[in-house]
Every structure is written in structure tokens, then in C-alpha cells.
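Contents: one structure, followed by commentary.
Along the sequence shown, residues carry numbers from 1. Computed from a prediction, not measured in an experiment: that's the story for all the values here.
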Amino acid sequence: MNLRRISSRSLLPVFIALAFCTDLAQAQPALNFKRIVNNWPTIELYMNPTCNGKKIWFTDKRFFSIRDNGRDIGDFELWCPDPTVRCAVSIALALDAGARMRGPALDSMRRFCKAFVALFDGVNDEAAITTFRDVPRLAVPMTSDTARMQRGIDSIRGEGPAAVWDGAYAALLDLLNEGVNPCRALLLVSTGRDSGSTQTPASVASLASRNRIRIFTCGVGDSVDDSALRSVADLTDGQYRLNPDVDWAQKIYDVISTIIFSGGDDCLITYQNQCMDGERHVVELSLNNTCDGNSHETQSYVAPVILSLPAVKA
């Protein structure tokens, strides 16, 4: 997803800070520079700026400055979530159709997933359903038709092995290719017991993180192996729930539809770095002239390196 570039010619300091800073003489800004994601050549900086402990929503990047290994970065993009706007969702549902997904486990998965898609607005919200046994299958292509989603969920029958991580990876690829809305997430519902996947939890989490997609995982049944399900949710700033109820469907829909990117409610700055020196880069991020003060914090990342190829003898 491309971020909208903020015009530097804007003369209005459009950020919500004064509403929170009733006493500027005593209020203090805090940058809360959380992490860097190295999505080379794009460098992503995640932060949660506050004024006197209250969240600030920025749209003007002139309040920020960046130095990467001492080099000023002038060309960057800023995005902060707008707490007043609901975001249309594109969701990939990866649903276990293996032999362990029978009886109460299958009923529980159907009930939860149908409650989840029933929350969609039926116009802009969309989802695709990938089921997995030994291989993934796109059961319902990306659609905003909630009745079609419901029928797809009802049609699932549990039999055979379940290649959990191949299914999750295939669902992610479909979401990347077909999803059109800015709020994107993967919802994986499974027993967590994998059979024969070529993909791994790490490769699934990596693909999701590179594309700012959060993964929400649900363990369903009486014999859930939840270690990997928890791991991919944690690695992508998602959430895990064992045997989720209808109330949790509402909670995660609210989270996904009001927060863009895997950074949760963090602000995001991105810039390009072509310096492939293999070195650790220290990034200093500064919040300037806010709440009568400044805040400076650092994080680091390691740049890739160009490996020289051995000479070819004539």
C-alpha cells in the first residue's frame, strides 16, 4: 500500500496536540520510538508520540527530523492513524479443513467465522476464504458478498492432513494480490497441528510483516498446538485466542477496521536507503517544537551488503 505524501507547503500545523496540552509550560512531549522494520530499501520507523502522556495525531511531517548514521534524511513520508475514521477492511481467512477439524471443533470454527464476517458492511469490506488440507484451496475469492462468505464457511468439511502454514502463506499471497482496502489482516483458524507444510511460521510472519499485515490466530478444538499460532500473532502485532467466542469476533473486527498497518495505533515514517554497506545504522528520530519541547530517540538496523562474486577464469 502506498502512503499519501504530505505536502510540505501546507501552512497549517494540523495535529491534535493543544487539545491535550492544557498547560504547555509543564507538558512534555515523548516520541516513544518503538522499532524499525528494515523492508529494504524502505526503512520503516514506528512511534507513538504523546503530549503530557496523551496521544498526538500528526499529519504534518515538518515536526519530525531524521538522521541515519549522521546523514540527514529530508525525503520521507509520514502517516498517523486518524482515530475518527473507520477503515474498510480486506481480510484473508485461512481455515483448517483437516481431519482434526470435525465435530465440536468444526462447529466452533463455523460459528466464530460467520459471526466475524456478519460484522462487515456489505459494501466496502471484503474477504477471501482459503481452506487447507494437504494443499491450500481458494474456496471463496475476494468478495464483499457476506452471504457468499457464509456459504463458503458452511461448506467446510474436515478430512485428511492439514498443511497449516502453506494455507496461511497462500491466503496471504491472495490478500496481497486481490485486497484493495487499506486495513488488511489475516485471520487463521486452526488446530495448529501442521502436516507437511513447506512454509514455516517464520516465513508466514515475515511475508506479513514486510507488507504491514497483522495476523490474528485462533486455536480451535480440544487438542490445540498453539505455540506457533501464538508466535506468528506476536511477531506481526496480531492477537491469539483459544476457542474464540462471538464477542472476540467483534473485538478483532474493531481493531482491524480502525487501525491501519501492523504497527497498531503507531505513527509510521518511511524513507528509502540505497546504502548497502552491511553495517549497523543508527537512526535518530526527533519530534520538534511540540508541547513546548523536543524529544529525541534512537533505534538501529543492519543494512544488507553486496557480496562480491568470485572471478571467473578464462
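Here the side chains of Glu77 and Leu268 are not in contact, with every heavy-atom distance at 4.5 Å or above. A 4.5 Å side-chain heavy-atom check between Asp68 and Tyr301 finds at least one atom pair inside the cut-off. Considering only heavy atoms from C-beta on, Asn38 stays 4.5 Å or farther from Val302 through its side chain. The shortest side-chain heavy-atom distance between Leu93 and Val117 falls under the 4.5 Å cut-off. Taking the side chain as every heavy atom from C-beta outward, Ser257 and Cys183 never approach each other to under 4.5 Å. Within the 4.5 Å cutoff, the side chain of Thr42 has heavy atoms near those of the Gln272 side chain. Between Tyr46 and Glu44, the closest side-chain pair of non-hydrogen atoms falls below 4.5 Å. For the pair Val89 and Cys87, the minimum side-chain heavy-atom distance is 4.5 Å or more.
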Determine, stepwise, if the pair Tyr271 / Leu45 fulfils side-chain contact (heavy atoms from CB on, under 4.5 Å).
CA-CA 9 Å; Tyr271 64 92; Leu45 314 180; 4.0 Å; yes

Using salt bridge (charged side-chain N to carboxylate O under 4.0 Å, His left out), reason through Arg35 and Asp237 one step at a time and then give a plain yes or no.
CA-CA 12 Å; Arg35 68 189 186 281; Asp237 280 340; 3.0 Å; yes

Before giving the answer on side-chain contact (heavy atoms from CB on, under 4.5 Å), spell out for Ile43 and Ile36 the whole-Å C-alpha distance, their side-chain angles and the decisive distance to 0.1 Å.
CA-CA 7 Å; Ile43 306 301; Ile36 293 178; 3.8 Å; yes

Could you please spell out the steps behind the side chain to side chain donor-acceptor pair (under 3.5 Å) verdict for Asp174 and Thr130?
CA-CA 9 Å; Asp174 183 70; Thr130 297; 5.4 Å; no

Apply the test side-chain contact (heavy atoms from CB on, under 4.5 Å) to residues Phe58 and Asp60: give CA-CA distance (whole Å), side-chain angles for both, the deciding distance (0.1 Å), then the verdict.
CA-CA 6 Å; Phe58 286 92; Asp60 192 333; 5.7 Å; no

Starting from the C-alpha separation in whole Å, work towards a yes-or-no answer on side chain to side chain donor-acceptor pair (under 3.5 Å) for Ser90 and Glu126.
CA-CA 5 Å; Ser90 291; Glu126 60 179 9; 2.5 Å; yes

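For the atom pair CG of Leu172 and CD1 of Ile213, the computed distance is 5.5 Å after rounding to the nearest 0.5 Å. The distance from the OG atom of Ser300 to the CD atom of Glu279 is 12.5 Å, given to the nearest 0.5 Å. Rounding to the nearest 0.5 Å places CG of Leu229 at 10.0 Å from CG of Asp194. Distance check, rounded to the nearest 0.5 Å: CG of Leu119 to CD1 of Ile252 gives 9.0 Å. Between the CG atom in Asp266 and the CG atom in Asn48 there is a gap of 5.0 Å [rounded to 0.5 Å]. Taken from CD in Glu284 to CD1 in Ile73, the straight-line distance is 12.0 Å, to the nearest 0.5 Å.
Here the shortest heavy-atom pairing between Val164 and Phe132 reads CA-CE1, 3.6 Å. For the residue pair Ala128 and Pro141, the shortest heavy atom distance occurs at CB-C, 3.9 Å. Residues Ala94 and Ala171 approach most closely at CB-CB, 3.9 Å, considering heavy atoms. Scanning all heavy atoms of the two residues, the minimum distance from Thr131 to Ala97 falls at CB-CB, 4.2 Å. Considering all non-hydrogen atoms of both residues, Asn273 and Arg71 come closest at OD1-NH2, 3.6 Å. In terms of heavy-atom proximity, Leu175 sits nearest to Ala185 at CD2-O, 3.6 Å.
Residues passing the side chain to side chain contact (heavy atoms under 4.5 Å, CB included) test with Leu31 are Phe33, Met47, Phe64, Leu285, Leu287, Ser295, Glu297, sequence neighbours excluded. Qualifying side chain to side chain contact (heavy atoms under 4.5 Å, CB included) partners for Pro244, counting only residues two or more places apart in sequence or in other chains: Phe112, Cys218, Val220, Arg241, Trp248. In this view, Glu178 satisfies the side-chain hydrogen bond (donor to acceptor under 3.5 Å, both in side chains) rule with no residue, not counting sequence neighbours. Partners of Ser155 by side chain to side chain contact (heavy atoms under 4.5 Å, CB included), not counting sequence neighbours: none found. Here Phe116 pairs with Phe120 under the ring pair (Phe, Tyr, Trp, His ring centres under 6.0 Å) rule; sequence neighbours left out.
Electrostatic pairing of Glu159 and Arg133 counts as a salt bridge here, judged by a charged N lying under 4.0 Å from a carboxylate O.
Both Leu176 and Trp165 are members of a single hydrophobic cluster when ILVMFWY side chains are connected at heavy-atom separations under 4.5 Å. In the hydrophobic clustering of ILVMFWY residues, with side-chain heavy atoms under 4.5 Å counting as a link, Met142 and Leu138 come out apart. Hydrophobic clustering of Ile, Leu, Val, Met, Phe, Trp and Tyr side chains at less than 4.5 Å, counting indirect connections, unites Leu173 with Leu188. A continuous path of Ile, Leu, Val, Met, Phe, Trp and Tyr side chains, each step under 4.5 Å between heavy atoms, connects Met101 with Ile156, placing both in one hydrophobic cluster. By the rule that hydrophobic residues join a cluster once side-chain heavy atoms approach within less than 4.5 Å of another member, Trp40 and Phe76 end up as members of one cluster.
The backbone N or O of Arg230 lies less than 3.5 Å from no partner atom in the side chain of Asp226, so there is not a single donor-acceptor pair. When atom types are taken as modelled, the side chain of Asn69 and the backbone of Val282 share a donor-acceptor pair closer than 3.5 angstrom. Using modelled atom types, one side-chain atom of Asn181 and one backbone atom of Asn124 make a donor-acceptor pair closer than 3.5 Å. Judged purely by atom type and a 3.5 angstrom limit, Asn32 has no side-chain atom pairing as donor or acceptor with the backbone of Pro49.
Residue pairs that meet the salt bridge (Lys or Arg N to Asp or Glu O under 4.0 Å) test with at least one member in residues 93-116, sequence neighbours left out, are Lys114-Asp154.
Using modelled atom types and a 3.5 Å distance limit, the side chains of Thr198 and Asp166 yield a donor-acceptor pair.
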